[in-house]
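One structure is given here, and the rest of the page talks about it.
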Protein chains: 2
Amino acid sequence: MRRLPTVSDVAEAARVSRQTVSNVLNTPEIVRPETRERVEVAIRRLGYRPHASARRLRTRVSATIGVRLDPGTDGMSGALLDRFLHSLVEQADAAGLRVLLYTAADEDAEIRTVERLLDGADVDAFVLTSTHYGDRRIPWLIEHDVRFVTFGRPWGEHDMTDRSHRWVDVDGNAGLREATTSLLARGLRRIAFLGWPEGSGTGDDRRAGWRAAMTEAGTAPEVLDELDLGVEEDPHDLGVGGSAVAELAPAGVVCASDSLALAARLALGPDVPVIGYDDTPVARALGFASVAQPLEGVAQAVLELLRSDEGPHHRLLAPALVER
Amino acid sequence: MRRLPTVSDVAEAARVSRQTVSNVLNTPEIVRPETRERVEVAIRRLGYRPHASARRLRTRVSATIGVRLDPGTDGMSGALLDRFLHSLVEQADAAGLRVLLYTAADEDAEIRTVERLLDGADVDAFVLTSTHYGDRRIPWLIEHDVRFVTFGRPWGEHDMTDRSHRWVDVDGNAGLREATTSLLARGLRRIAFLGWPEGSGTGDDRRAGWRAAMTEAGTAPEVLDELDLGVEEDPHDLGVGGSAVAELAPAGVVCASDSLALAARLALGPDVPVIGYDDTPVARALGFASVAQPLEGVAQAVLELLRSDEGPHHRLLAPALVER
DNA sequence: CGCTGGAGTTTGATCGATCAAATGCTCGCC
DNA sequence: GGCGAGCATTTGATCGATCAAACTCCAGCG
């Protein structure tokens with residue numbers, strides 16, 4: 001394979017110095033227009049492309065984002081991460097950033113991996129998904145002054161407005177409120193909520209959205225409690241959630257996930273409207289409504305927060321109800 | 001942030017030269033054991049980690065694999081790629097390789113991206129998924145002497161035994177044969193096939209597996225043709241496949257995908273056994289059997305083919321039927 | 001006329017590693 | 001005793017880019 005052209009080759013061809021070529025690439029505004037033009041022609045003619053590793057060595061910037069690929073996500077929303085990743089890579093690319101994947105069995109292993117990636121100058125910022133209660137990675141990253149953004153708010157623990165922790169999240173509360181409202185608008189009153197047991201941040205947030213909309217519509221507290229179902233999600237058995245919701249004989253159901261919605265749908269049949277969460281292919285296939293996360297928007301927000309130092313350090317995006 | 005230790009720092013601490021430290025890391029067998037020991041102690045004490053970019057600049061090897069994240073895969077098997085990616089990253093990490101993602105809108109854009117990644121020494125090998133009939137990327141890669149492996153055989157076009165194209169694939173034919181045989185073993189005879197219209201490599205391969213098993217069991221050709229359904233898959237409407245398969249009133253159905261299996265299942269009810277393909281969460285949730293691709297095995301095979309120059313240049317793996 | 005300042009460009013050093021060649025050392029053999 | 005072979009280690013150059021400082025013009029001004 002032929003030797004690739006370097007800045008020096010371009011410099012020679014354009015009869016300028018290496019540094020001027022470098023300037024044309026990095027700070028074109030300080031180069032006189034006619035010189036710049038000459039260099040740009042030479043770049044195109046030689047098919048020059050900067051050598052990323054050489055640049056990284058010198059600048060100590062890798063322009064690469066590390067993203068962890070979670071092991072566990074074997075649920076129905078595995079495709080969710082997939083779509084998010086796709087948007088992220090697409091937009092990162094447009095911004096001249098690369099996306100490097102890594103995995104780790106547990107948090108400690110992840111911290112070691114992160115250390116390795118940072119020291120090797122492979123990666124200079126991280127995007128974390130599926131943060132959870134008491135996540136040990138967050139304080140470690142903050143303490144080591146590592147740039148990162150999480151997709152998911154910090155539940156509990158430290159202050160949500162802490163500027164050292166940048167995060168982007170989707171407003172599940174608003175999502176369920178909208179879902180519930182849409183059923184209320186159809187004249188339905190007895191709308192059940194099928195979610196997970198209390199204790200998970202996202203789950204409780206979604207539940208609260210349903211409660212708010214129902215309360216606003218004048219539902220009595222004891223009815224609300226009756227209609228509120230929290231079940232452990234079991235990918236191998238939809239029965240639990242299904243039979244529980246069938247017993248209530250609700251006029252409609254809003255759910256914390258599409259797989260719960262699937263359980264409800266199968267138990268209740270197509271005549272009782274069911275609304276899921278995440279708008280997975282299952283929802284599309286079975287034709288029930290679902291709350292869709294704006295993943296492109298999340299990806300965009302993540303990149304913006306990673307790059308800027310000013311402005312807000314967190315972003316809460318509204319999901320959209322996909323009616324069917 | 002403190003300055004990271006370099007080879008020179010380690011060399012000084014161990015009272016040897018830079019090169020000896022480098023040798024301990026890369027070719028430990030040529031270093032005298034006691035010297036090696038001293039250097040290793042210094043490495044641990046200083047917490048030294050090689051600077052990946054510096055090494056890449058010098059060696060022109062990036063130890064990074066580029067993987068394209070497809071845009072289209074919005075079907076039910078999007079999670080498939082996800083699981084494959086996870087295995088790949090995990091195993092690549094164990095082998096000291098990194099995985100970099102990229103996207104591209106079309107094949108030409110992908111070729112340009114690949115060029116950029118290669119020239120920037122960001123990536124030195126590629127893994128391509130979802131190869132299709134007449135894929136222009138393959139000849140380009142071969143011609144430019146780029147190391148790559150595809151997950152998916154070359155359908156049609158050039159010789160499947162061509163050593164310049166390394167590939168790994170799953171034997172869908174064997175998978176459907178096994179699925180069909182398992183239903184035959186239960187005493188069922190009228191087993192339908194629900195797949196895509198003829199013309200797709202994977203689809204026809206799976207169909208052929210069903211045909212082989214059925215023919216072996218003594219099914220007459222005209223019955224076979226009657227039981228053979230090819231429908232366009234439409235994620236928004238399962239009706240087409242469902243009503244077609246219901247009309248046949250089969251004793252069992254084997255399908256080319258889980259979403260087709262879902263359509264069959266919904267149309268026929270839980271009493272007619274249905275077998276899907278890909279073992280997605282939907283199959284698990286609804287409790288129908290499915291042919292599972294051995295994705296960890298695929299990832300392992302991909303890495304083996306990428307690394308070795310000897311031995312076979314392609315690998316066909318057998319899937320496993322997951323009964324339920 | 002000479003001095004200052006700034007825009008535009010060039011020069012030399014550097015990032016952290018590995019390669020290629022040179023050096024020192026020990027051992028065996030004539 | 002001298003010499004070549006072979007092992008272990010060191011030295012100097014290099015990969016391709018950017019940084020920091022130096023240099024060259026030329027306009028503006030007292």
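Here is how names work: the chains are called A, B, and so on, in the same order as the sequence lines, proteins then strands, and each is numbered from 1. It should be emphasised that the depicted structure is a prediction, and the values quoted were computed from it without experimental measurement. Reckoned from all heavy atoms, side chains included, excluding hydrogens, waters and symmetry mates.
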d([atom1], [X]; [atom2], [N]) in whole Å:
| X | N | atom1 | atom2 | result |
| --- | --- | --- | --- | --- |
| A/I43 | D/dA17 | CD1 | P | 10 Å |
| A/D119 | C/dA17 | CG | P | 11 Å |
| B/E29 | D/dA8 | CD | P | 11 Å |
| B/D122 | D/dA17 | CG | C1' | 14 Å |
| B/I30 | C/dA20 | CD1 | P | 13 Å |
| B/L4 | C/dC15 | CG | C1' | 12 Å |
| A/H51 | C/dA17 | NE2 | C1' | 13 Å |
| A/E34 | C/dA7 | CD | C1' | 13 Å |

Review point. Does a side chain donor of either A/E296 or A/Q300 reach within less than 3.5 Å of an acceptor in the other side chain?
Key: no
Practice item. Taking atom types as modelled, find out whether A/H86 and B/T103 have a side-chain donor-acceptor pair closer than 3.5 angstrom. Key: no
Can you tell me which nucleotide in [options] comes closest to the side chain of [X]?
| X | options | result |
| --- | --- | --- |
| B/N23 | D/dT9, C/dA17, D/dC19 | D/dT9 |
| B/T20 | D/dT10, C/dG16, C/dT9 | D/dT10 |
| A/V7 | D/dA17, C/dT10, C/dG16 | D/dA17 |
| A/L57 | C/dA17, C/dC15, D/dT10 | C/dC15 |
| A/V16 | C/dT10, D/dG16, D/dT9 | C/dT10 |

Check your understanding: Parallel under 30°, tilted from 30 to 60°, perpendicular over 60°: which one fits the rings of B/H314 and B/W167?
Key -> parallel
Determine: side-chain N/O of [X] to OP1/OP2 of [N], distance under 4.0 Å, yes or no.
| X | N | answer |
| --- | --- | --- |
| A/S22 | D/dT18 | yes |
| B/R58 | C/dC19 | no |
| A/T35 | C/dG8 | no |
| B/R18 | D/dG12 | no |
| B/R32 | D/dT9 | yes |
| B/S53 | C/dA17 | no |
| A/S17 | C/dT10 | yes |
| A/N26 | D/dT18 | yes |

Practice item. Report the C-alpha separation of B/T6 and B/H51 in whole Å, then their side-chain angles, then the decisive distance to 0.1 Å, and conclude whether the side-chain hydrogen bond (donor to acceptor under 3.5 Å, both in side chains) test is met. Key: CA-CA 8 Å; B/T6 71; B/H51 191 289; over 6 Å; no
Review point. Base, sugar-phosphate alone, or nothing: which one does A/R36 contact when heavy atoms must sit under 4.0 Å apart?
Key: nothing
Exercise for review: Take atom CD of A/E12 as the centre, draw a 6.0 Å sphere, and report whether it contains more than 12 heavy atoms from other residues, nucleotides or ligands.
Suggested key: no
Point to revise | From CA spacing to verdict: salt bridge (charged side-chain N to carboxylate O under 4.0 Å, His left out), B/R56, A/D122 | key: CA-CA 11 Å; B/R56 286 208 270 277; A/D122 273 320; 2.9 Å; yes
Study note, to complete from the structure: Comparing B/Q19 with B/R60, nearest DNA chain D nucleotide closer to 5' gives the residue B/Q19
